[in-house]
Amino acid sequence: MSVALFTLGGTIAMAGHGPGRDGGTVVARLSGADLTAAVPRLADVGVPLEVQDIEAVPSARLTFARILDLVRRASDAVRDGAHGIVVTQGTDTLEETAFLADLLWPHDEPFVMTGAMRNPTLAGPDGPANLLAAAHVAAAPQARGLGALVVMNDEIHAARWVRKAHSASTGAFVSPNAGPIGSVYEGRVGVHGGVPRRAPVEVDAAALAGVRVGFHTVVLDDDPSMMNAEGCDGFVVAGFGVGHVPPAFAPILGDLTQRMPVVLASRTGAGPVLRGTYGAVGSETDLQRRGLINAGMLDPYKARVLLRVMLAAGAGRDGVAAAFAERG
Ligand code: ASP
């Protein structure tokens, strides 16, 4: 029995350049061996961690293609006998990469992602504790069949719900609609929830590379000329509240649905886009009547991930609408 550890960089893997460079800033350069060496009592997990260093980058540099490649490598590790996967990466894009991995992951073995908010040069870095907890979860039978998980700050979050909701706190990761689905204390993994698993989506990198999804968040007194869907195959609009936009956007978005799937999400970060409460021009009811697809409880960033993956998988408007009805 083993756990496969894949490293992608991020704050958890950061260290200084050396004296005199950039006023003491840090860059991602630690290896998996460095990370595991910094974890006290890693042996308590009871299984070896087989390390594969992929790259050491800030997570703003990650791509859909990289996550596709990661899922392929992790699948190979499972086929070679790994009982779980741990991935370390930067926290900035973790809510998106975890959801993408969750859509693709075809195995029961836990796919556990983690990172750190305080880099190893600071007092009280959280990386070692997060990595230890993630390893415990990856090795835990009770985490099987839950898809991709994010383990931070002793909490287990479903990729479906998790958000980074603070720029600096070690408690940055939350699941506003559902709460964490479990916890890790003294190495014991407790799971008290989960998200129903759906069939994995199959996409290839070339198809994903060819799909462009536009994105616009509406703001007070917004100007539709600021919204650009040129060259896009699909579009996500992050509306106010339960799914509203300024009236001038409504006909433009309606016209856009004639050319591509347009998904309506809420910019609030929690709660649903409603289906039939408000009736004004630019309301959720009006926009759905004009052909926009309701994102349900999926936040705009995850909606963008799902839309791009479904388009790359060959879905048309109906297929996209069905995916949001099922997963939104
Ligand atoms: N900027 C860093 C990154 O996402 C932040 C982190 O890792 O926490 O790579």
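This is a predicted model, so every value here is computed, not measured. Each ligand, and each atom within it, is numbered from 1 in the order the structure gives.
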Is the His216 to Phe249 ring centre distance short of 6.0 Å? yes
I'd like to know whether Met310 forms a side chain to side chain contact (heavy atoms under 4.5 Å, CB included) with Phe324, so could you lay out the CA-CA distance, the side-chain angles of the two residues, the decisive distance to 0.1 Å, and finally the verdict. CA-CA 10 Å; Met310 292 312 299; Phe324 277 91; 5.7 Å; no
Near ligand 1, at a heavy-atom separation below 4.0 Å: residues by chain and residue number: Gly10, Thr11, Pro58, Ser59, Gly90, Thr91, Asp92, Ala116
Taking atom types as modelled, is there a side-chain donor on His107 or Ser75 under 3.5 Å from an acceptor on the other? yes
Can you list, pair by pair, the side-chain donor-acceptor contacts under 3.5 Å of residues 141-149, counting residues two or more places apart and other chains?
{"unit_1": "Gln142", "atom_1": "NE2", "unit_2": "Val189", "atom_2": "O", "d": "2.7"}

Ignoring hydrogens and geometry beyond distance, is a side-chain donor-acceptor pair present between His83 and Glu109 at under 3.5 Å? no
For a side chain to side chain donor-acceptor pair (under 3.5 Å) with Thr7, tell me which candidate from Thr88, Asp34, Asp53 qualifies. Asp53
